[in-house]
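Note that the numbering runs from 1 along the sequence shown for the chain. It should be emphasised that the depicted structure is a prediction, and the values quoted were computed from it without experimental measurement.
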Amino acid sequence: MEGIRLKRTLNAILKNLILETTCIEIFLTIYLITMVGNLGLVALIFMERHLHTPMYIFLGNLALMDSCCSCAITPKMLQNFFSEDKMISLHECMTQFYFLCLAETTDCFLLAAMAYDRYVAICSPLQYHTMMSKQLCIQMTIEAYIAGNLHSIIQVALLLRLSFCGSHKINHFFCDLLPLYRLSCVDPHINELIVLIFSGSIQVFTISIVLISYLCILSTIFKMKFNEGRGKALSTCASHFLSISMFYGSLLFVYIQPRSDKEEDKDIPFAIFYTIVIPLLNPFIYTLRNKEVINVMKVILKKREPHDILKQTLSSGTN
């Protein structure tokens, strides 16, 4: 089993699209922006003490998992653009899928926690510090990581029980469950059933929390007397809900809906969406409308202005 290598082609992605070199530039640019945006947000939340609140702790961990997802997929994809055989070893394949599964599962629970946090903040503002303490926030974050690790380990263990044969070629740009199942010499129905049970349960549970939280938030918003406060809350929740809808929608399409082998190409655009596009968009969706984060960034940029640095240098020289 160690000697098996899975050959992958990107023809399905590049077919009827622009030249390969342009694709490399596009995906490399997306990758760099994604990493700078997400890791920059993590660093900002870590450095600024007044951002150590439940909402920003969840947001920082979401950004960290988006970086993990992007690191698991994009570098190998870019390497395959330059490679003639476009090969990946079985161990590399399992490692890539482990980190992808970890990131996506943890994201599901973090998004549910963020929705609950917004529900408490908007619907019960006077009880916020009691209902959403920092201790509870850290506990929810740790539980999200534990759930992500357990789900990933189970799925990888189930993949390793399969043996692969045939062409060893998958029509995808990363190692994912369903394309790997099509290569299996062993009947993968048990794996497919467990994926449906575990992935379905995680998505139903987290989506239910998100929907209930946002329905309660909308109900509270429409009861507000002040139009200014209502508009602000609506715009913030709308951008958050847009990101959540795109994430869950693409996951549901890929992993939950019934499919046939002939429809495997249809998964690729949705897979690109939740592995590459959403990690790129999330830092902008969650920060562009956030005045607190923008103000912190302005303060940091002012401290780094050339004349301030010159003043600090002169004062230290005088001393």
Side-chain angles (χ1 to χ4, degrees), residues 13 17 26-27 29-39 41-42 55 58-74 77 99-119 144 148 151 172-174 176-178 199-215 217-218 221 233-257 259 263 265-290 293:
I13 304 170
L17 291 178
I26 290 171
F27 285 116
T29 303
I30 289 173
Y31 176 66
L32 293 175
I33 295 172
T34 300
M35 296 307 294
V36 170
N38 282 293
L39 294 180
L41 185 58
V42 171
M55 181 178 75
F58 291 138
L59 183 57
N61 283 280
L62 183 73
L64 188 63
M65 286 295 98
D66 283 343
S67 301
C68 176
C69 177
S70 189
C71 281
I73 302 298
T74 312
M77 184 182 70
F99 283 106
L100 173 67
C101 188
L102 168 66
E104 300 301 339
T105 306
T106 307
D107 272 359
C108 286
F109 286 100
L110 287 173
L111 288 170
M114 289 172 72
Y116 175 73
D117 174 72
R118 290 301 83 206
Y119 156 74
H151 187 223
H172 219 301
F173 62 99
F174 68 94
D176 201 6
L177 285 176
L178 301 176
S199 300
S201 300
I202 289 168
Q203 293 199 36
V204 167
F205 175 71
T206 55
I207 288 172
S208 297
I209 293 173
V210 169
L211 288 176
I212 292 168
S213 298
Y214 276 98
L215 284 172
I217 288 169
L218 285 173
I221 287 172
L234 268 176
S235 65
T236 302
C237 289
S239 60
H240 291 189
F241 193 72
L242 174 65
S243 172
I244 290 168
S245 301
M246 292 188 300
F247 176 74
Y248 280 115
S250 55
L251 281 182
L252 286 169
F253 184 91
V254 172
Y255 293 108
I256 303 300
Q257 68 152 357
R259 69 192 64 252
E263 295 178 338
D265 289 352
K266 292 183 180 179
D267 292 347
I268 294 175
F270 290 91
I272 290 174
F273 209 73
Y274 75 78
T275 58
I276 296 174
V277 177
I278 290 176
L280 169 71
L281 296 178
N282 273 345
F284 300 101
I285 290 173
Y286 287 104
T287 59
L288 286 179
R289 292 177 180 269
N290 192 315
V293 173

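Atom CG of L64 sits about 9.5 Å away from atom OG1 of T106, to the nearest 0.5 Å. A distance of 8.5 Å separates CG of L251 from OG of S199, quoted to the nearest 0.5 Å. Separation of atoms OG1 (T275) and CG (L280) is listed at 11.5 Å; rounding is to 0.5 Å. Annotation: the span from F284 atom CZ to I33 atom CD1 amounts to 6.0 Å, rounded to 0.5 Å. Atom OH of Y116 and atom CD1 of I212 lie 12.0 Å apart (nearest 0.5 Å). Put simply, CZ on F247 and CG on L242 are 14.0 Å apart, with the number rounded to the nearest 0.5 Å.
At least one side-chain heavy atom of V204 sits less than 4.5 Å from a side-chain heavy atom of S208. Side-chain contact check for I272 versus F173: some heavy-atom pair is nearer than 4.5 Å. Counting only heavy atoms from C-beta outward, the side chains of Y248 and T206 approach each other to under 4.5 Å. In this structure, M246 and I285 have side chains that are in contact, with non-hydrogen atoms separated by less than 4.5 Å. By the 4.5 Å heavy-atom criterion applied to side chains, I73 and F99 are not counted as neighbours. With a 4.5 Å cut-off on side-chain heavy atoms, C71 and M35 count as touching. The shortest distance between side-chain heavy atoms of I244 and M114 does not fall below 4.5 Å.
Screening residues 64-74 for side-chain hydrogen bond (donor to acceptor under 3.5 Å, both in side chains), with sequence neighbours left out, gives D66-N282.
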Side chain to side chain contact (heavy atoms under 4.5 Å, CB included) between L62 and Y286, intermediate numbers included: CA-CA 10 Å; L62 183 73; Y286 287 104; 3.8 Å; yes
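When the shell of 6.0 Å around OH of Y31 is examined, it contains more than 12 heavy atoms from other residues, nucleotides or ligands.
The aromatic rings of Y274 and F174 stand perpendicular to each other, their planes meeting at an angle above 60°, with 30° marking the opposite boundary.
At distances below 3.5 Å, not a single donor-acceptor pair connects side-chain atoms of D107 with backbone N or O atoms of M65.
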